[in-house]
Amino acid sequence: MVQNWNDKNGNFNTASAMDFLPREQLKFIQSQRLSAMVQHAYNNVSLYRNRMDAKGVKPSDIKSIDDVSKLPFTEKSDLRDTYPYGLFAVPSSEVVRLHASSGTTGKPIVVGYTEDDMEVWKTSVMRCLLMSGINRGDFVQVCYGYGLFTGGLGAHGGAENLGCTVIPASTGNTERQLMIMRDFGTTAICCTPSYFIHLIEEAPKYGIDMKSLPLRHGVFGAEPWSEQMRNYVQKNTNVVANDIYGLSEITGPGVGCECSEQNGLHILEDNYYPEIVDPDTGEVLPDGEEGELVLTTLAKRAMPILRYRTHDITSIITMPCKCGRTLRRIRRIGRRSDDMFIIRGVNVFPSQIEVALMRVEECTPNYRIILERQKELDTATVEVEVGEEHYTDSVSELDALRKKIRTSIMNIVGIKIEVKIVEPNKIPRSQGKAKRVIDNRKI
Ligand code: DLL
């Protein structure tokens, strides 16, 4: 099953073979890497040393990957509190790259990479691209943001490592993106799913028929998207739309990706070890149960991360994948433990709203949820654009459509939520991560 593929120097690519290792062999590698990484983190990062001492755990207690659960958790606040370099485990002379993630409030978090870390990152993204069917010979247009965000340079490094022809388009200027796509013969694209939807919408305005382009692969991530959204993309283009996951704290893109089966994301477990925990108690849950994804880096030197609480909700798929990879898979991340809101006592996630909207044929994937607070009670209004051909001046027709959308939301969420149909192109488009929830509650 290992893909017959040679690297830039003509050598058989052993990196991809990692995807297919027998589980015992993988476990051996994970165990070795974990114990070395923990010793390194303990010796060089006071936060980890203090936390492990407080828990009574010594580096020598970590002999096997099964011991990972003995380690303390790390939270985003730990990165903020030690801003900018407090979790770095090597001197600055060994750090060859910095990235940062802005987050919603306050200071950004800063992450660093040694030369070896850069190799691991590039190889991880390369394996992800291979997994989704991209190979040398492909023209890969990278329209994630370049700069401090890990998306652009992360995808770029992986595609270049694979030997693809990389087009570093970065974000912005949709007309230019489409022109490049057509004129340069782009065959694969890496961007956020919401930005790709925008490209699909805009293409006809510039006389471009997406289906007549050579574009065949899309590797979309950095934000949640639904199976319904995938269907929309695959229906309107010839692109096989795959999901890629990652986060700055762990590496950037390349922690996991979908293969041709499009049924869960393989986690590159030799580099990033996944656990699922109960978001409230932190207790480790068995494979198959839904909970919060916790990740431990196994091969990072500049900034090793022990048991990072991602707040991303998913579960580990227990069934082996038909593609033959032995790396375990997680279900696509539809929600975060912290993006829930409560309307009339019912927990609502933005991802549920997306699924409900996409079940209504007339709706486009352009929507947002406005949260307000009235007399201590939260209210939500879903604003959605319908296709131009469905947008009408007829109040009664719009009203009927609005009712249809409300019913679809009611069927999934269990309560009625206010729906407003807005004119086409009214909802601001994002070139990076879409902002789905506008929180006006001032809490
Ligand atoms: O978004 C890294 C990335 C770039 C991943 C390009 C994939 C492609 P951050 O800005 O640190 O890093 O945001 C990380 O984004 O914890 C998830 O909540 C969310 N996220 C990332 N990928 C996905 C995905 C990059 N495929 C945070 N599905 C993560 C759902 C995703 N959510």
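Each ligand, and each atom within it, is numbered from 1 in the order the structure gives. Keep in mind that what you see is a predicted model, and the values were worked out from it rather than measured.
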>> Minimum distance, heavy atoms only, to atom 21 (C) of ligand 1: which one of G152, G246, C191 is it?
In response: G246
>> Testing I353, V360, I409 one by one against V419 for a side-chain contact (heavy atoms from CB on, under 4.5 Å), which residue passes?
In response: I409
>> I'd like to know if the side chain of D19 and the backbone of R325 have a donor-acceptor N/O pair within less than 3.5 Å.
In response: no
> Nearest protein heavy atom to atom 7 (C) of ligand 1, by residue and atom, and its distance?
Replying inline: A222 N, 3.3 Å
>> Can you tell me how the ring of Y113 sits relative to the ring of W121, calling it parallel under 30°, perpendicular over 60° and tilted otherwise?
In response: parallel
>> Students should be able to answer this: which protein heavy-atom is nearest to atom 11 (O) of ligand 1, and at what distance?
In response: S248 OG, 2.5 Å
>> For atom 1 (O) of ligand 1, what is the closest protein heavy atom, and at what distance to 0.1 Å?
In response: K433 NZ, 2.8 Å
> Applying a 4.0 Å heavy-atom criterion (strictly less than), which segment of L247 is in contact with ligand 1: side chain, backbone, both, or neither?
Replying inline: both
>> Tell me the closest heavy-atom pair linking A241 and R230, and the distance in Å.
In response: O-NH1, 2.7 Å
> For ligand 1, which atoms sit closer than 4.0 Å to a heavy atom of I333?
Replying inline: 28 (N), 30 (C)
> Is there a salt bridge (Lys or Arg N to Asp or Glu O under 4.0 Å) between D270 and R127 once you walk through the steps?
Replying inline: CA-CA 12 Å; D270 46 318; R127 286 163 64 187; 2.9 Å; yes
> Considering only protein heavy atoms, which is closest to atom 18 (O) of ligand 1, and at what distance to one decimal place?
Replying inline: D312 OD1, 2.7 Å
>> Using a 4.0 Å cutoff against the non-hydrogen atoms of R336, which atoms of ligand 1 qualify?
In response: 16 (O), 18 (O)
>> Once you restrict to heavy atoms under 4.0 Å, what part of R332 touches ligand 1? Side chain, backbone, both or neither.
In response: neither
>> I'd like to know whether D117 forms a side-chain hydrogen bond (donor to acceptor under 3.5 Å, both in side chains) with T114, so could you lay out the CA-CA distance, the side-chain angles of the two residues, the decisive distance to 0.1 Å, and finally the verdict.
In response: CA-CA 5 Å; D117 294 341; T114 63; 3.3 Å; yes
>> If you apply the rule side-chain hydrogen bond (donor to acceptor under 3.5 Å, both in side chains), what do you find for S315 with R331, and how did you get there?
In response: CA-CA 6 Å; S315 57; R331 288 185 207 287; 3.1 Å; yes
>> Taking the cut-offs as 6.0 angstrom to the six-membered ring centre and 45 degrees off its axis, would you call R429 and Y195 a cation-pi pair?
In response: no
>> Suppose I only count heavy atoms of G151 and a 4.0 Å limit; which atoms of ligand 1 are within that range?
In response: 4 (C), 6 (C)
> Quick one: which ligand 1 atoms are inside 4.0 Å of a heavy atom on I244?
Replying inline: 7 (C), 8 (C), 22 (N), 24 (C), 26 (N)
> What is the closest protein heavy atom to atom 31 (C) of ligand 1, and at what distance does it sit?
Replying inline: E223 N, 3.6 Å
> Taking E201 as the fixed residue, which of N366, N236, T174 is the one that meets the side-chain hydrogen bond (donor to acceptor under 3.5 Å, both in side chains) rule?
Replying inline: N366
>> Distance under 4.0 Å to a non-hydrogen atom of T150: what atoms of ligand 1 satisfy this?
In response: 2 (C)
